[in-house]
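Remarks on the structure that follows.
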There are 2 protein chains.
Amino acid sequence: MPAALDADDLRRIDEIVATRRRVRRRETLFRTGDRFTSLFAIRSGFFKTRVASEDGRDQVTGFQMAGEIIGLDGIVNDEHSCDAVALEDAEVCVMPFQRIEALSREVKALQRHIHQIMSREIVRDHGVMLLLGSMRAEERLAAFLLNLVQRLRARGFSQSEFILRMTREEIGSYMGLTLETISRTMSKFVADGILEIDQRKVRIVDPEALQRILNPPGC
Amino acid sequence: MPAALDADDLRRIDEIVATRRRVRRRETLFRTGDRFTSLFAIRSGFFKTRVASEDGRDQVTGFQMAGEIIGLDGIVNDEHSCDAVALEDAEVCVMPFQRIEALSREVKALQRHIHQIMSREIVRDHGVMLLLGSMRAEERLAAFLLNLVQRLRARGFSQSEFILRMTREEIGSYMGLTLETISRTMSKFVADGILEIDQRKVRIVDPEALQRILNPPGC
DNA sequence: CGTAGGCTTGAGAGGAATCAAGTGCGGTGG
DNA sequence: CCACCGCACTTGATTCCTCTCAAGCCTACG
């Protein structure tokens, strides 16, 4: 909440985020079909969201880290339309949506903030659609890694080294690829001197090369 | 606006949608980078939205028809992040977002409505991500056609026959396929007795078969 | 110390892209 | 009114990227 708020507004917003909930690794914060009551602000930990098609296939729709909001999918039908699974032990703020709506009718900055969060998610999804619809495996992985370090950097982490909280299979599901293709593409990046990988630990040796894969210089 | 509203609220909402704008075929309602000021409610006509990557490729992110809202992408950064192009002569209501926000602070039902529209767009995008990430060409096209007739039916049109307002290339872009693959897959559906096609006119002969392609009965 | 799950790597198959040629409709102008 | 042109579309041949199937490895964990 980066906005200009008076002390009273801040106190009332604090009340909304008063309730906490812990979610252990592999446990779900909510599931498809669960009644929607609250949005969740991630305080610590790492989540994935996934949707399932009727015939059993599923697709990871996003990875969320501390500071991000999860649960927006539930607003439209009063029930969640995806699963949110913790990839490591996590803690979230439970924010009852009724109270968010009530307070955002009074606090303009909060209303604005809510609208921006939802719009940001829509724009992010369009970016993923672009990735899934028109990029090849190397480009998808480059885009994924660059997006990840950028978000981590904004949180004060190293911009070259980080730990993947998700498996190759989960990355593959997010990117519309198989785990083998993720593994092979990562191996290729290592062979090309772009990455160093030790299990889940990734070091980006040559970020410009990743950027070049995404935006070929000849364009 | 399907909500219980008193006469005064209705009058004020009417004021918001008072301004109209006509957009001719192939013209844009807004472009990437345009300053965001308003949402648009489509009164008549058909639009596509598309995002562009830096190296020139682009991706259709959606097709919008009468009754749908367009422009939500612009809220987060006060500028639009996609292009909206009319696929046929169209008319929209211009709804200044400042006024929407102001009025939705006072009219609970309007606030709710806005939140639902944004959430619905997020859920729709997740569905497209599932399609792009895990379906084969036939499944994608079946899903597309079924979605299209369902939306047309909700507007009182035939549930078996309709006119495609977009080219094969635009369908292909939306589905992450080439125009040739769209054409071939449509031809196959015709050969299988599922569709009849005359140029842009499509008749769904066997909707159950389309549904079966999407959900193989053995699952 | 043994095992399971996650990962890597290889070989082969397959689905969609690409490249290419040709068709037909609609619009334009003579 | 008709001929011409361009654009959207169809269809075929070939290529290539990714999937699938398979085997084996490594590491964390019980």
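Proteins come first, then strands; the chains are lettered A, B, ... in the order of their sequence lines, and each starts at number 1. Note that this is a predicted model, so its numbers are computed, not measured.
Contact between the side-chain N/O atoms of B:Arg168 and the OP1/OP2 oxygens of D:dT10 is found at a separation under 4.0 Å. A close approach under 4.0 Å does not occur between any side-chain nitrogen or oxygen of B:Thr167 and OP1 or OP2 of D:dA8. Taking 4.0 angstrom as the limit, A:Ser187 places a side-chain polar atom (N or O) nearer than this to OP1 or OP2 of C:dT9. At C:dC7, one or more side-chain N or O atoms of A:Arg200 fall inside 4.0 Å of OP1 or OP2 (strictly under the cut-off).
A:Gln199 comes within contact range of the sugar-phosphate backbone alone, with a heavy-atom separation under 4.0 Å but no base atom that close. Heavy atoms of A:Leu179 sit under 4.0 angstrom from at least one base atom. Residue contacts shown for A:Gly172 are absent, as no nucleic acid heavy atom lies under 4.0 Å away. Among the atoms of the strands shown, none is found under 4.0 Å from any heavy atom of B:Arg140.
Residue-to-nucleotide contacts include no donor-acceptor pair under 3.5 Å from the side chain of A:Glu138 to the base of D:dC17. Interface remark: the B:Glu180 side chain does form a donor-acceptor pair with the C:dC19 base, using a distance-only criterion of under 3.5 Å.
The separation between A:Arg136 atom CZ and C:dT18 atom C1' is 13 Å, rounded to whole Å. Between the C1' atom of C:dG6 and the CZ atom of A:Arg165 lies a distance of 16 Å, rounded to the nearest Å. One interatomic measurement links the two molecules: CZ of A:Arg26 to P of D:dC29, which rounds to 10 Å at whole-angstrom precision. Atom NZ of A:Lys188 and atom C1' of C:dT8 are 17 Å apart (whole Å). Note: CZ (A:Arg184) to C1' (D:dT18) measures 9 Å, nearest angstrom. Rounded to whole angstrom, the span from the CD atom of A:Glu139 across to the C1' atom of D:dT18 amounts to 14 Å. Rounded to whole Å, the distance from CG on A:Leu164 to C1' on C:dG6 is 13 Å. Counting to the nearest Å, the P atom of C:dC7 and the CG atom of A:Leu141 are 13 Å from each other.
At a threshold of 4.0 Å, the pair B:Arg155-B:Glu68 counts as salt-bridged, since one of the basic side-chain nitrogens sits closer than that to a carboxylate oxygen. Between B:Glu27 and B:Arg22, none of the side-chain N atoms (NZ, or NE/NH1/NH2) sits under 4.0 Å from a carboxylate O, so this pair counts as no salt bridge. Comment: B:Asp83 engages B:Arg50 in a salt bridge, judged by a side-chain N to carboxylate O separation of less than 4.0 angstrom. A:Glu138 has no carboxylate O lying under 4.0 Å from a charged side-chain N of A:Arg184, or vice versa, which leaves the two without a salt bridge. Salt bridge annotation for A:Arg21-A:Glu91: absent, with no cationic side-chain nitrogen under 4.0 angstrom from a carboxylate oxygen.
Of the two residues contacting DNA chain D, namely A:Met135 and B:Ile197, the nearest-nucleotide position lying further toward the 5' end is that of B:Ile197. When the nearest nucleotides of DNA chain D are assigned to A:Thr178 and A:Asp198 by heavy-atom distance, the more 5′-ward of the two goes with A:Thr178.
Checked against the 6.0 Å centroid criterion, the rings of A:Phe63 and A:Tyr174 qualify as a close aromatic pair.
In this structure, the nucleotide among D:dC9, C:dC7, C:dA17 sitting nearest to the side chain of B:Leu177 is C:dA17.
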